[in-house]
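What follows is a set of notes on a single structure, which appears directly below.
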Protein chains: 2
Amino acid sequence: MNKEFILRLTKYKRLIHKLKSLGFERVFSNNLGDAIGVTPALVRKDFSTLHLSGNKRGGYNIDMLVEEFDVILGRNSPQNVIIVGCGRIGQALMQYPGFASDDIHLVAGFDKAPDSVNIDNPIPIFGMDKLENFVSENNIKVGIITVPGEEASSVLDKMVDTGIRGVLNFAPVELKCQKYDCDCKCVIHNVNIGLELEHLFYQVSTQDTDFSIVNDNSKK
Amino acid sequence: MNKEFILRLTKYKRLIHKLKSLGFERVFSNNLGDAIGVTPALVRKDFSTLHLSGNKRGGYNIDMLVEEFDVILGRNSPQNVIIVGCGRIGQALMQYPGFASDDIHLVAGFDKAPDSVNIDNPIPIFGMDKLENFVSENNIKVGIITVPGEEASSVLDKMVDTGIRGVLNFAPVELKCQKYDCDCKCVIHNVNIGLELEHLFYQVSTQDTDFSIVNDNSKK
DNA sequence: TAGATTGTTAATCGATTAACAATC
DNA sequence: TAGATTGTTAATCGATTAACAATC
């Protein structure tokens, strides 16, 4: 429910998998807290709300954590993703090496001009007219948008209509799911690269200053 | 200082520029709140902490806001960015159309094998050995990392050494700036696409459920 | 004047943390 | 037993909001 909380969950899961592969058998709340940058108390609180319990002395059992987190985060269901928009960024993501290790599978790309897309892609590229059938036949729930900003909104509508429930949007517009009013049936994460860079410039420019100074400048 | 606050600032700025281009002369806190999804009270609070004042009856003057936000967000200083790692994602970003409109300029790319990078890039590509001089000569403060995960950490160190103060990281590892202990001289934003997708899968899978149900399942 | 909107204070809300009893 | 760590409660902290006096 809480964004920060869910983000911590995915971090816990990754960390726990790493620890398991290192041969750990138990782990303490303070180890976990240090690694993901929170207090041990919060780790225990999180685990407590997830009904994950440890031993008063021996910490938490790694095998148990691995198993439970895989259930909690739905690792057992197929993590298939489609990508709509096969321009430069779309094609780059198709080759992105970071997915395989997370059991996330990009299974197909869609483009309004599929024939003009390079041949050497690792996944099949279809025209937009194939989207609906593909999504329903393969029960796809999550998609990536990498179309130009002007097309993003209509592409989103199309995707939501076909049954997509989660979207990662790279187009430089802030998308909101308006199809179903406030009772939104689709979760959207916007990755707005320009906004991120602006944010960085701001932070860098004020790193050593504080607000009163900034304001004094603006009034010169 | 607060992440959410800074994000709102960039949204205010974009919105205000849009309103100005539409011919607006004044705007009220409730308009702004509706558009960026916060309460009017928060808009007034934000503006108040920024020492931006309006008229009790007539709202806020758009021209004043445009001017002040450009100062606050440093629009007046050059927004030059370099990119380290000229693989697929790096090259895709070089052609990204969303930057120009924000006065953000990608000015150069760096790669350990610059000769193997495609010729038709819109910006010059240099070897890593040129990084330090370029950054100091052009007074670059912000860079993008698009190298493979294994190289990200050492690339970051190199960038911080040359004087880069803000980094947008696309490598699939969570980077922290450790060079200067806790007194961190470099702000880092991690865009972890795999983590985002996992997060989405989790949200989609629990969209209609609540925690007690999730937990019951996990105990089956 | 009456109505509307700001600016600010105090209240609320929710997340995080400190602290400690329970217990391995 | 003594020491360490969990699980949970109560305190803290900070951000957001409601409310309203000031005033255009």
Side-chain angles (χ1 to χ4, degrees), chain A residues 1-12 15-16 19 24-65 68-69 72 182 199 202-203 206 210-212 215 218-219, chain B residues 1-12 15-16 19 24-65 68-69 72 182 199 203 210-212 215 218-219:
Chain A
M1 168 129 199
N2 169 354
K3 197 166 175 170
E4 294 299 320
F5 172 65
I6 296 176
L7 197 60
R8 286 200 300 276
L9 294 195
T10 58
K11 286 182 180 173
Y12 290 137
L15 180 59
I16 287 159
L19 293 175
F24 276 49
E25 297 188 355
R26 333 201 123 267
V27 66
F28 305 118
S29 59
N30 59 0
N31 304 138
L32 295 170
D34 290 346
I36 77 161
V38 301
T39 59
L42 186 54
V43 174
R44 297 199 297 275
K45 190 103 195 290
D46 286 343
F47 283 17
S48 171
T49 58
L50 294 166
H51 298 217
L52 303 173
S53 53
N55 302 323
K56 293 279 176 190
R57 182 74 194 294
Y60 299 88
N61 178 290
I62 293 269
D63 285 332
M64 177 277 286
L65 290 178
E68 292 295 331
F69 269 104
I72 293 166
C182 285
H199 193 153
Y202 179 65
Q203 288 184 301
T206 57
D210 72 63
F211 261 104
S212 50
N215 288 312
S218 75
K219 283 175 179 173
Chain B
M1 169 128 200
N2 170 354
K3 198 166 175 171
E4 293 301 319
F5 172 66
I6 297 175
L7 197 61
R8 284 200 300 276
L9 295 195
T10 57
K11 287 182 181 175
Y12 289 136
L15 180 60
I16 287 160
L19 293 176
F24 277 48
E25 296 189 356
R26 334 203 123 265
V27 67
F28 304 118
S29 59
N30 58 3
N31 304 141
L32 295 170
D34 290 345
I36 78 161
V38 300
T39 58
L42 186 53
V43 174
R44 295 199 298 275
K45 191 102 194 289
D46 285 343
F47 283 16
S48 172
T49 60
L50 293 167
H51 298 216
L52 303 174
S53 53
N55 302 325
K56 294 280 175 191
R57 182 74 195 292
Y60 299 88
N61 179 291
I62 292 269
D63 284 333
M64 177 277 286
L65 290 178
E68 292 296 329
F69 270 103
I72 292 166
C182 285
H199 193 151
Q203 289 185 300
D210 72 64
F211 261 103
S212 50
N215 287 312
S218 76
K219 283 174 181 174

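No experiment lies behind these values; they were computed from the predicted model shown. We name chains A, B, ... by the order of the sequence lines, and we start the count at 1 in each one.
- For R26(B), the salt bridge (charged side-chain N to carboxylate O under 4.0 Å, His left out) test picks out no residue, with sequence neighbours left out.
- As a whole-Å value, the separation of F47(A) CZ from dG7(D) P is 10 Å.
- Following rounding to the nearest Å, N31(B) (CG) and dA4(C) (P) show an atom-to-atom distance of 15 Å.
- Atoms CG (N61(B)) and C1' (dT5(C)) sit 15 Å apart, rounded to a whole Å.
- Distance D46(B) CG to dA15(D) C1': 10 Å, rounded to the nearest Å.
- Consecutive Watson-Crick or G-U pairs involving DNA chain D, each under 3.5 Å on both distances, make up stems of three or more pairs at C:3-24 with D:3-24.
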Next on the checklist: Generate the contact string for nucleotides 17-24 of chain D. Rules: B means base contact, S means sugar-phosphate contact only, - means no protein heavy atom under 4.0 Å.
Outcome noted: BBB--BBB
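- In terms of the salt bridge (charged side-chain N to carboxylate O under 4.0 Å, His left out) criterion, D34(A) has no residue partners (sequence neighbours excluded).
- Partners of F47(B) by ring pair (Phe, Tyr, Trp, His ring centres under 6.0 Å), not counting sequence neighbours, listed by chain and number: Y12(B), Y60(B), F69(B).
- Phosphate contact (OP1/OP2 of dG7(D), side-chain N/O of S48(A), threshold under 4.0 Å): absent.
- Look at NE2 on H51(B): it is 16 Å from C1' on dT6(C), rounded to the nearest Å.
- Atom-to-atom distance recorded for L32(B):CG and D46(B):CG is 10.5 Å, nearest 0.5 angstrom.
- If you take CG of L50(B) and P of dT6(C), they are 15 Å apart, rounded to a whole angstrom.
- In this structure, Q203(B) and I6(A) have side chains that are in contact, with non-hydrogen atoms separated by less than 4.5 Å.
- In this structure the side chain of V27(B) never reaches within 4.5 angstrom of the side chain of I16(B), judged on heavy atoms.
- Annotation: side chain of I72(B) is in contact with side chain of Y202(A) (closest heavy-atom distance under 4.5 Å).
- Within the nucleic acid shown, Y60(B) comes within 4.0 Å of sugar-phosphate atoms alone, with no base atom in reach, counting heavy atoms only.
- Put simply, NZ on K3(B) is 17 Å from C1' on dG14(D), counting in whole angstrom units.
- Across all strands shown, R26(B) has no heavy atoms under 4.0 Å from either base or sugar-phosphate atoms.
- In this entry the distance linking CG of L32(A) with P of dT5(D) reads 13 Å, nearest Å.
- In this view, T10(B) satisfies the side-chain hydrogen bond (donor to acceptor under 3.5 Å, both in side chains) rule with no residue, not counting sequence neighbours.
- To the nearest 0.5 Å, atoms CG (L42(B)) and CD (E4(B)) are separated by 10.0 Å.
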